[in-house]
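Since the structure comes first, as structure tokens, the remarks are kept for the end.
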Amino acid sequence: MQIERDVTRPSTQTDRYDVKAVEEFWQRRWEEEEVYRAEITDKPKFYCLEQFPYPSGHLHMGHVRVYTLGDVIARYRRMRGYSVLHPMGWDAFGMPAENAAIKSGIPPRSSTIANIAYMKGQMRQMGLSFDWNREVATCEPDYYRFTQELFLLFYERGLAYQKAGAVNWCPHCETVLANEQVEEGRCWRCDAEVTKRDLTQWYFRITDYADRLLEGLRDLDWPPEIKTQQDNWIGRSEGAEVAFPVPDLDETIRVFTTRPDTLYGATYVVLAPEHPFVERLIAGRESAEAVRAFAAGERVRSDMERTAENTEKSGIFTGAYATHPLTGQPLPIWVANYVLVDYGTGAVMGVPAHDQRDFVFARKYHLPVRVVVSPDGQPIPNLAEPYLAPGRLVDSGSFSGIESQAAIGAIAAHLQEKGLGRLQVSYRMRDWLISRQRYWGAPIPIIHCRDCGAVPVPRADLPVLLPENVTFTGQGGSPLAAAEEWVATSCPRCKNPARRETDTMDTFVDSSWYYFRYTSPQEPRAPFDPEKANRWMAVDEYVGGKEHAVLHLLYSRFFTKVLHDAGWIAVDEPFRRLLVQGMVVYGGAKMSKSKGNTLSPESIMARWGADATRLFMLFAAPPEKDFEWSDQGVEGSFRFLQRVYRLAVRTPGSGDDAAAGERIERARARAVRKLTEDLGDRRAFNTAVSALMEYTNALYQDADRVPASLARRAIETLVLLLAPLAPHLSQELWQRMGSGGSVHAQAWPAFDDKWLTETEVEIVLQVNGKIRARITVPADVDEERMKQQALADERIQVLIADKIIRKVVAIPGRLVNVVVA
RNA sequence: GCCGGGAUGGCGGAAUAGGCAGACGCAGGGGACUUAAAAUCCCCCAAUCGAAAGAUUGUGCGGGUUCAAGUCCCGCUCCCGGCACCA
């Protein structure tokens with residue numbers, strides 16, 4: 001890239017850098033010349049990705065931080081000789097646009113497009129090196145037709161299905177939510193309290209992948225915090241399923257337990273209020289009315305209330321009995337609030353002696369307690385607290401005397417023989433509910449036919465376009481359901497009149513595959529070109545927020561595994577390495593409008609420029625920690641950039657001080673090495689900036705004492721090392737120093753190892769581990785000589801004069817420790 | 001309750017593999033330049049005692065290992081986050 005002096009270009013005669021003019025100049029230039037276009041070449045690839053934003057209208061400071069981090073990584077890798085894919089796009093479906101339409105009448109599509117245009121301008125102002133040729137927006141038919149196609153793929157693979165049941169409903173958003181999207185009983189987006197509704201909805205069978213999602217975590221280079229969250233969320237637990245026959249019903253109640261070793265201690269069986277057997281068990285009994293009332297009462301209570309820790313356990317006897325599978329004894333069947341219908345089998349065996357909850361419940365309702373495990377295999381009289389630990393079995397028929405661990409396998413095997421149970425794994429995670437009763441999303445490509453049922457839309461008919469002529473009433477119900485012309489269609493199978501599915505997909509579906517689309521964004525026939533995707537995937541570095549730990553990051557892993565199984569992609573994990581950045585806080589608190597502590601990227605960049613803003617964000621905290629904005633702090637980064645500018649543009653003095661020359665060479669080598677480590681695997685951008693500051697300070701000390709050519713080379717190195725962090729200033733200086741081309745297309749500087757090996761080093765002399773003196777010795781001095789010099793040192797001699805020397809430890813290049821008694 | 005992460009000067013933070021605690025910056029103090037101020041350049045800046053040299057203490061708390069511990073081990077405290085009537 002040849003850059004010529006432009007007449008409209010600001011000419012900066014003074015010693016102050018005109019930030020605004022220079023930054024704008026280079027932003028325009030980079031855009032015109034498409035410097036950051038990603039190409040498939042024979043260079044090694046690097047896929048650097050940041051989570052794409054919802055186009056809300058404005059970037060916030062959190063965005064500024066993520067995109068800065070990603071940009072530094074991308075720019076650094078380019079200079080290191082990688083072919084870098086660094087794309088950007090828009091997670092453009094979502095409720096805010098639809099809510100705005102209800103309020104102001106502006107169609108979601110128009111407001112979204114306008115928001116994207118504005119935010120793209122802000123990204124340009126930040127100097128981000130995106131390849132805009134690969135931009136995607138999930139709300140475009142070119143994109144969502146493939147979201148729909150992927151739905152069909154899932155459907156064909158048995159991974160998309162409809163199910164009726166109680167679901168989470170957000171009254172404010174007027175739509176259902178997936179389990180992952182309910183936080184402490186509240187909607188993740190709007191914080192409204194979530195209620196229950198009985199609805200038939202579409203699900204993705206993510207639970208089929210529970211084990212693989214768990215195993216895959218092991219090899220990922222992700223923060224332990226995030227892996228643990230996913231691990232907890234999946235919630236795998238091993239145990240057994242045990243059948244308790246119900247003679248009256250000619251059915252068996254299946255329970256899940258992690259403690260089959262305590263099976264002989266079961267004294268009753270409990271069903272969740274929603275359990276399908278409840279009604280059949282009580283039919284015609286005296287207890288029927290009371291049980292029905294109890295179950296109905298529990299059903300309407302919110303999850304919040306029902307699962308709160310202090311909620312008292314309560315239940316009611318159904319009047320019916322089940323048979324213990326091993327002893328044949330009749331066990332009363334209860335219905336209780338502490339059993340959840342959607343975990344395990346929705347039924348448990350009550351073992352009061354060995355389970356905290358059962359113990360409390362049994363006490364309350366005077367149910368028998370039977371000790372079957374104890375530390376020594378002897379009965380425990382007068383049990384005051386449940387015995388929860390494993391131990392040796394008691395009163396357990398032929399299993400008595402066996403250790404708990406062995407008993408689990410033995411009892412399960414015995415049950416299996418009798419056809420009454422087996423080892424079983426249960427998960428906390430539920431299937432992913434993807435239906436949303438909202439307009440601004442990808443329509444689920446299904447047609448409901450009276451005769452054929454739910455029929456997938458044939459691929460050739462995709463996309464199922466969102467109708468434009470709808471009205472946003474805000475009166476509840478999806479606008480799609482009211483778009484009669486759109487809903488009415490014919491069945492693809494029997495051609496009879498049929499109706500379209502009016503729910504759209506959760507926007508997390510859109511964002512579960514966008515990183516594949518970037519690899520071939522214009523591919524017209526498929527979601528992506530497998531050949532290109534295989535060239536770029538997996539993402540080498542993914543930068544984003546921790547709020548997506550069990551949302552986007554879990555869903556994306558699931559998608560990737562399904563696509564892998566379908567043979568579309570070689571990898572089965574999308575994100576090799578994950579950088580989870582901390583929040584941006586201001587005035588000691590997370591920014592929010594209600595607190596009035598918001599910061600706008602516009603005003604900050606207008607005041608200090610993009611480079612100083614970027615630099616300060618990198619410098620003030622390691623990326624994964626929360627970052628506190630400070631005007632005084634950014635001022636420091638601004639001053640540093642001005643300092644670099646003055647150093648580079650001033651007319652240098654010239655000297656011939658050999659010692660200074662050596663100091664500069666050493667400082668240069670140290671700086672290059674440090675930046676190479678810190679911008680690479682270490683991702684320690686804060687210490688990278690401080691290393692540049694140290695290097696700059698060193699150059700201020702010595703640049704005028706050395707030949708101009710040496711000073712110039714040292715300063716050029718500074719500019720190159722600064723390029724990933726402060727792209728505008730370094731570009732400007734690169735050009736002013738008369739070096740050709742774009743600084744961002746230069747190779748990363750090299751250094752000669754000889755400058756890192758010191759000829760002399762200062763070592764410390766310790767007596768009993770306390771530092772008592774410092775001496776300078778040749779770097780290659782051996783241990784013996786170090787010891788001799790240390791013992792000969794007069795300050796040391798004074799301290800050890802009348803003592804017995806027990807030991808002398810010498811670590812070359814570091815210290816000598818004299819141990820005396 | 002279970003799991004994960006953390007605690008270092010006035011502040012943000014550094015110390016990458018057990019080897020000089022506090023790099024770099026902010027705030028503060030001093031000097032140079034200036035008629036003056038700003039900007040800039042240079043210096044000082046953990047605490048206590050001391051005029052200084054220096055001494056002592058010091059990385060949340062209590063123990064331990066080691067010639068040597070912010071770093072490793074054992075036992076705690078507090079803070080942040082996840083999961084939690086999950087059988």
Side-chain angles (χ1 to χ4, degrees), chain A residues 15-16 183-184 223-237 239 255-259 262 270 272 306-313 336-340 342-351 354-358 360-361 388 426-430 546 549-550 615-616 619-622 624-637 639-640 642-643 646 674 677-678 681-682 684 686-697 700-701 762-772 774 795 806-820:
Chain A
D15 61 355
R16 223 174 147 82
E183 294 168 349
E184 295 187 341
E225 186 194 353
I226 304 293
K227 289 194 192 188
T228 308
Q229 276 188 55
Q230 292 209 353
D231 199 316
N232 285 343
W233 185 261
I234 294 167
R236 181 190 154 97
S237 65
V255 307
F256 175 73
T257 176
T258 52
R259 294 292 303 275
T262 65
V270 198
R306 208 167 128 189
T307 61
E309 207 171 346
N310 50 9
T311 299
E312 197 180 327
K313 289 171 192 30
N337 63 347
Y338 75 97
V339 177
L340 307 174
D342 54 0
Y343 181 76
T345 59
V348 302
M349 61 183 196
V351 185
H354 306 292
D355 182 279
Q356 186 65 45
R357 295 154 302 189
D358 296 345
V360 173
F361 191 75
L388 303 174
S426 194
Y427 300 92
R428 212 189 69 89
M429 181 170 68
R430 315 276 193 263
K546 60 166 145 283
V550 290
L615 200 76
F616 179 53
F619 177 60
E624 63 278 5
K625 285 191 73 170
D626 285 351
F627 158 86
E628 165 101 40
W629 180 263
S630 142
D631 284 353
Q632 278 177 339
V634 72
E635 190 71 41
S637 296
R639 277 201 292 263
F640 167 68
Q642 296 285 357
R643 199 166 145 83
R646 282 190 300 273
K674 180 72 175 153
E677 289 168 0
D678 285 0
D681 286 349
R682 253 171 56 93
N686 53 332
T687 51
V689 176
S690 77
L692 284 179
M693 288 171 167
E694 281 179 88
Y695 183 43
T696 304
N697 292 343
Y700 263 82
Q701 294 294 327
E762 191 187 64
I763 61 167
V764 299
L765 305 183
Q766 301 178 327
V767 176
N768 286 346
K770 283 188 198 288
I771 297 162
R772 297 302 177 176
R774 288 164 203 279
R795 286 158 299 189
R806 292 247 182 255
K807 193 178 194 178
V808 182
V809 181
I811 307 295
R814 298 219 185 249
L815 54 79
V816 179
N817 188 9
V818 183
V819 186
V820 296

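Chain naming here is simple, since letters A, B, ... match the order of the sequence lines and numbering starts at 1 in each. Only this structure's heavy atoms are used, side chains among them; waters, hydrogens and symmetry mates stay out.
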Please step through side-chain contact (heavy atoms from CB on, under 4.5 Å) for the pair A:Val820 and A:Val767, ending with a clear verdict.
CA-CA 7 Å; A:Val820 296; A:Val767 176; 4.1 Å; yes

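- Nearer to the 5' terminus of RNA chain B, by closest-nucleotide assignment, is the contact made by A:Gln766 (compared with the other of A:Gln766 and A:Ser690).
- Interatomic distance, CG of A:Asn686 versus NZ of A:Lys625, reported as 9.5 Å (0.5 Å rounding).
- Of the candidate nucleotides B:C20, B:A14, B:G5, B:G5 has the atom lying nearest to any side-chain atom of A:Pro224.
- Comparing atom distances between the A:Thr228 side chain and each of B:A27, B:C85, B:C3 picks out B:C3 as nearest.
- Searching all strands for a Watson-Crick or G-U wobble partner of B:U48 with both distances below 3.5 Å returns B:A55.
- Residue A:Arg772 places at least one side-chain N or O under 4.0 Å from the OP1 or OP2 atom of B:A55.
- Residue A:Lys313 places none of its side-chain N or O atoms closer than 4.0 Å to OP1 or OP2 of B:C85.
- Straight-line distance from the CG atom of A:Asn697 to the P atom of B:C44: 12 Å, rounded to whole Å.
- Across all strands shown, A:Arg795 has no heavy atoms under 4.0 Å from either base or sugar-phosphate atoms.
- Contacts of A:Ile771 with the nucleic acid, taken as non-hydrogen atoms under 4.0 Å apart, involve only primed sugar atoms and P, OP1 or OP2.
- Across all strands shown, B:A69 forms no Watson-Crick or G-U wobble pair with both distances under 3.5 Å.
- Nearest nucleotide to the A:Arg682 side chain, out of B:A23, B:G4, B:A15: B:A15.
- Atom NZ of A:Lys625 and atom C1' of B:C79 are 12 Å apart (whole Å).
- Distance check on atom P: B:G29 versus B:U66 gives 49 Å, rounded to whole Å.
- Pairing partner, B:C85: none, since no Watson-Crick or wobble contact has both distances short of 3.5 Å.
- Taking atom P in both B:A53 and B:C45, one finds a spacing of 11 Å when rounded to whole Å.
- Within the nucleic acid shown, A:Glu677 comes within 4.0 Å of at least one base atom, counting heavy atoms only.
- B:G30 shows a glycosidic angle more than 90° from 0 and is accordingly assigned anti.
- Between the C1' atoms of B:C3 and B:A15, the separation comes to 29 Å (whole Å).
- The side chain of A:Gln701 lies closest to B:C43, out of B:C20, B:C83, B:C43.
- By the 6.0 Å and 45° rule, A:Arg643 stacks over the aromatic ring of A:Tyr700.
- Nearest nucleotide to the A:Ser237 side chain, out of B:G19, B:C85, B:A87: B:A87.
- Atom pair A:Tyr700:OH and B:A32:P shows a separation of 21 Å (rounding to whole Å applied).
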Check the pair A:Leu765, A:Ile771 against side-chain contact (heavy atoms from CB on, under 4.5 Å), reporting the backbone distance first and the verdict last.
CA-CA 6 Å; A:Leu765 305 183; A:Ile771 297 162; over 6 Å; no

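- Between the P atom of B:G82 and the CZ atom of A:Arg236 lies a distance of 25 Å, rounded to the nearest Å.
- The side chain of A:Phe619 lies closest to B:G25, out of B:A68, B:G25, B:A23.
- For A:Arg814, no side-chain nitrogen or oxygen approaches OP1 or OP2 of B:A68 to under 4.0 Å.
- The same atom, C1', is picked in B:G58 and in B:C33; the two are 40 Å apart, to the nearest Å.
- If you check B:G9 for Watson-Crick or wobble pairing at under 3.5 angstrom, you find it has no partner at all.
- Ion pairing between a basic and an acidic side chain is recognised when a charged N comes within 4.0 Å of a carboxylate O; A:Asp355 and A:Arg259 show no such pairing.
- Residue A:Arg646 places at least one side-chain N or O under 4.0 Å from the OP1 or OP2 atom of B:C41.
- In this structure, A:Lys770 reaches the B:U57 phosphate: one of its side-chain N or O atoms is under 4.0 Å from OP1 or OP2.
- Here the side chain of A:Asn686 is nearest to one of B:C24, B:A14, B:G19, namely B:A14.
- Each of B:G19, B:C3, B:A87 was ranked by its minimum atom distance to the side chain of A:Asn232; first place goes to B:C3.
- Rounded to whole Å, the separation between the P atoms of B:A7 and B:U57 comes to 25 Å.
- Under the Watson-Crick or G-U wobble criterion, with both distances below 3.5 Å, B:C41 is paired with B:G31.
- The nucleotide whose nearest atom lies closest to any side-chain atom of A:Gln229 is, among B:C24, B:G81, B:G13, B:G81.
- Taking CZ of A:Phe619 as the start and OG of A:Ser637 as the end, the distance is 6.5 Å to the nearest 0.5 Å.
- Residue A:Leu765 contributes atom CG, which lies 17 Å from atom P of B:A68 at whole-angstrom precision.
- Residues A:Asp678 and A:Glu762 both approach RNA chain B. Their nearest nucleotides, taken by heavy-atom distance, put A:Asp678 toward the 5′ side.
- The pairing partner recorded for B:C61 is B:G75, the criterion being a Watson-Crick or G-U wobble arrangement whose two distances lie under 3.5 angstrom.
- Rounded to whole Å, atom P of B:C83 lies 19 Å from atom NZ of A:Lys227.
- Rounded to whole Å, the distance from CD1 on A:Ile234 to C1' on B:A84 is 17 Å.
- Considering only side-chain N and O atoms, A:Arg357 lies under 4.0 angstrom from the phosphate OP1 or OP2 of B:C86.
- The phosphate of B:C41 has OP1 or OP2 within less than 4.0 Å of a side-chain N or O from A:Arg643.
- No engagement by A:Gly344 is indicated, since no non-hydrogen atom pair under 4.0 Å with the nucleic acid exists.
- When heavy atoms are screened at a 4.0 angstrom cut-off, A:Pro223 is found touching no nucleic acid atom at all.
- Here, B:G18 and B:C86 have their C1' atoms 43 Å apart, quoted to the whole Å.
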Pair A:Tyr695-A:Ser690, side-chain hydrogen bond (donor to acceptor under 3.5 Å, both in side chains): steps then yes or no
CA-CA 9 Å; A:Tyr695 183 43; A:Ser690 77; over 6 Å; no

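- Using a 4.0 Å heavy-atom cutoff across all strands shown, A:Val819 reaches sugar-phosphate atoms only and no base atom.
- Taking atom C1' in both B:A14 and B:A21, one finds a spacing of 10 Å when rounded to whole Å.
- Taking atom CZ of A:Arg806 as the reference point, atom P of B:U66 lies 15 Å away to the nearest angstrom.
- Checked against B:U40, B:C24, B:C42, the side chain of A:Met693 finds its nearest nucleotide in B:C24.
- Outside the 6.0 Å centre-distance limit, the rings of A:Phe640 and A:Phe616 are not counted as a close aromatic pair.
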Between A:Lys674 and A:Arg682, does a side-chain contact (heavy atoms from CB on, under 4.5 Å) hold up when you go through it step by step?
CA-CA 10 Å; A:Lys674 180 72 175 153; A:Arg682 253 171 56 93; 3.7 Å; yes

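- Here A:Asn817 contributes atom CG and A:Lys770 contributes atom NZ; the two are 11.5 Å apart, rounded to the nearest 0.5 Å.
- Spacing of P atoms, B:G63 relative to B:G70, comes out at 15 Å, to the nearest Å.
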